[in-house]
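Take a look at the structure below.
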Amino acid sequence: AQSVTQLDSQVPVFEEAPVELRCNYSSSVSVYLFWYVQYPNQGLQLLLKYLSGSTLVKGINGFEAEFNKSQTSFHLRKPSVHISDTAEYFCAVTVADSNYQLIWGAGTKLIIKP
Amino acid sequence: DGGITQSPKYLFRKEGQNVTLSCEQNLNHDAMYWYRQDPGQGLRLIYYSQIVNDFQKGDIAEGYSVSREKKESFPLTVTSAQKNPTAFYLCASSIYARSSYEQYFGPGTRLTVT
C-alpha cells in the first residue's frame, strides 16, 4: 500500500529565510504528486502538482518542488518566506493515470518567526 | 464566482443524534469527496462519488452515509454509530475522478458532539 511521510510536523523559520518542507512516498508504480496548502480554519488549495515531464515544478506564491524518483521524494521549497505563508502544508500521492484516490501526508505546519 | 459551499461552518450536536453536513458545488464537476481531518493525521477519505447516483466508500466510511441525487450536491450524514464524530469535515470536488485532476475544497464544517 502506498504511504506518504512528511518528516516534520512543524517547521519554524524566520521571515525572509528559505524553507524546505520534506515529503517522501512509498510506491513501486508511476505516481502523481501534489502539494496543498491550508490556511487556518479554511479548506485546502493546490500549490503545485507533478504529473510528468520536468522534475522541477513551480507553483503559486513562489513555491516550487522537485520530484526525485530515486529517492522517492517531492520536497517543497521557497527561497524567501513571508508571514502570509503561515499555514499547514500537505503532500499527497496517487497512482498515475488511474481512478485511485489521493493518499495524504499528515501535514507540516510552517511557522514564520518575525 | 464558482466554488464549493459547506454549511454550517460550526455545528454542535448531542451524542446519539444524526447530523447532516451540506456540500454544494457550482463548478460543474462530476466527482465529489468527503474527508475527515483530525489534528496530526492529515485527511482521511470518508466517501466519494464519481457521478450522480453513484458513490463509493473511502477508508473510514463506518458510521457515515451519503447521497448524490444531484450533480451539485453531496450531503454527508454523521450517524449515531460513528464512535468519535467530533472533527473538521472537508468537502471537495474535481472535474473527473481521474488522478491527474486537482481537487477543489470547500471551507469545511467543524462538528462538535458532546
Side-chain angles (χ1 to χ4, degrees), chain A residues 1-11 21-25 27 29-53 57 59-60 67 74 87-109, chain B residues 3-10 21 23-25 27 29-51 54-61 87-112:
Chain A
Q2 289 188 50
S3 65
V4 177
T5 302
Q6 291 186 243
L7 295 159
D8 305 296
S9 59
Q10 292 189 47
V11 172
L21 306 183
R22 296 179 292 171
C23 173
N24 286 87
Y25 65 94
S27 177
V29 299
S30 292
V31 295
Y32 294 154
L33 294 150
F34 302 78
W35 276 100
Y36 282 80
V37 60
Q38 184 180 32
Y39 298 104
N41 293 312
Q42 293 186 28
L44 280 71
Q45 177 186 6
L46 181 70
L47 270 180
L48 48 80
K49 64 182 178 182
Y50 172 80
L51 303 183
S52 64
V57 181
I60 62 171
F67 170 56
F74 191 53
E88 191 158 17
Y89 293 79
F90 292 91
C91 180
V93 64
T94 187
V95 175
D97 197 29
S98 73
N99 285 341
Y100 283 86
Q101 295 306 305
L102 288 170
I103 305 299
W104 295 85
T108 298
K109 287 186 179 169
Chain B
I4 300 179
T5 304
Q6 290 186 247
S7 61
K9 191 166 179 65
Y10 298 95
L21 280 59
C23 177
E24 303 278 331
Q25 55 102 355
L27 299 167
H29 286 175
D30 278 351
M32 296 187 75
Y33 312 82
W34 273 106
Y35 291 97
R36 172 182 171 134
Q37 186 177 22
D38 295 283
Q41 291 196 45
L43 277 68
R44 292 183 289 170
L45 183 65
I46 305 172
Y47 270 97
Y48 67 101
S49 167
Q50 298 186 61
I51 200 163
D54 181 65
F55 49 83
Q56 287 80 41
K57 292 181 179 180
D59 300 318
I60 56 164
F88 190 51
Y89 291 88
L90 287 160
C91 179
S93 71
S94 61
I95 298 173
Y96 303 114
R98 297 291 288 177
S99 54
S100 57
Y101 291 101
E102 172 186 356
Q103 292 187 15
Y104 293 79
F105 284 81
T109 292
R110 190 167 298 278
L111 173 65
T112 302

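We name chains A, B, ... by the order of the sequence lines, and we start the count at 1 in each one. All values derive from a computational prediction rather than experimental measurement.
For B:S99 (side chain) and A:V95 (main-chain N/O), a donor-acceptor pair under 3.5 Å exists by modelled atom type. Counting only distance, with no hydrogens or angles, the side chain of B:K9 and the backbone of A:N41 share a donor-acceptor pair below 3.5 Å.
When the shell of 6.0 Å around OH of A:Y100 is examined, it contains 12 or fewer heavy atoms from other residues, nucleotides or ligands. For B:I51, the CD1 atom counts as loosely surrounded, since its 6.0 Å shell holds 12 or fewer non-hydrogen atoms of other residues, nucleotides or ligands. Within 6.0 Å of NZ on A:K109 lie no more than 12 heavy atoms contributed by other residues, nucleotides or ligands.
Within the 4.5 angstrom heavy-atom criterion, atoms from both the backbone and the side chain of A:L46 approach chain B. In this structure, chain A has heavy atoms under 4.5 Å from both the backbone and the side chain of B:L43. For A:Q38, the part sitting under 4.5 Å from any heavy atom of chain B is the side chain, from C-beta outward, and nothing else. For chain B, the nearby part of A:A96 is the backbone; its heavy atoms alone come within less than 4.5 Å. Heavy atoms of B:Y96 lying under 4.5 Å from chain A are absent altogether.
Of the listed residues (B:R44, B:Q41, B:R98, B:Q6), the one with the most heavy-atom contacts under 4.5 Å to chain A is B:R98. Ranked by heavy-atom pairs under 4.5 Å with chain B, the first of A:S98, A:G105, A:A106 is A:S98. Between chain A and the residues B:S100, B:P39, B:G108, the largest count of heavy-atom pairs under 4.5 Å involves B:S100.
Checking B:Y104, B:F105, B:Y35 one by one against A:Y36, the ring pair (Phe, Tyr, Trp, His ring centres under 6.0 Å) holds for a single residue, B:F105.
For the atom pair A:Q101 CD and B:Q103 CD, the distance stands at 6.5 Å (nearest 0.5 Å).
In this structure, B:F88 and A:Q42 approach most closely via the heavy-atom pair CE2-O, 3.8 Å.
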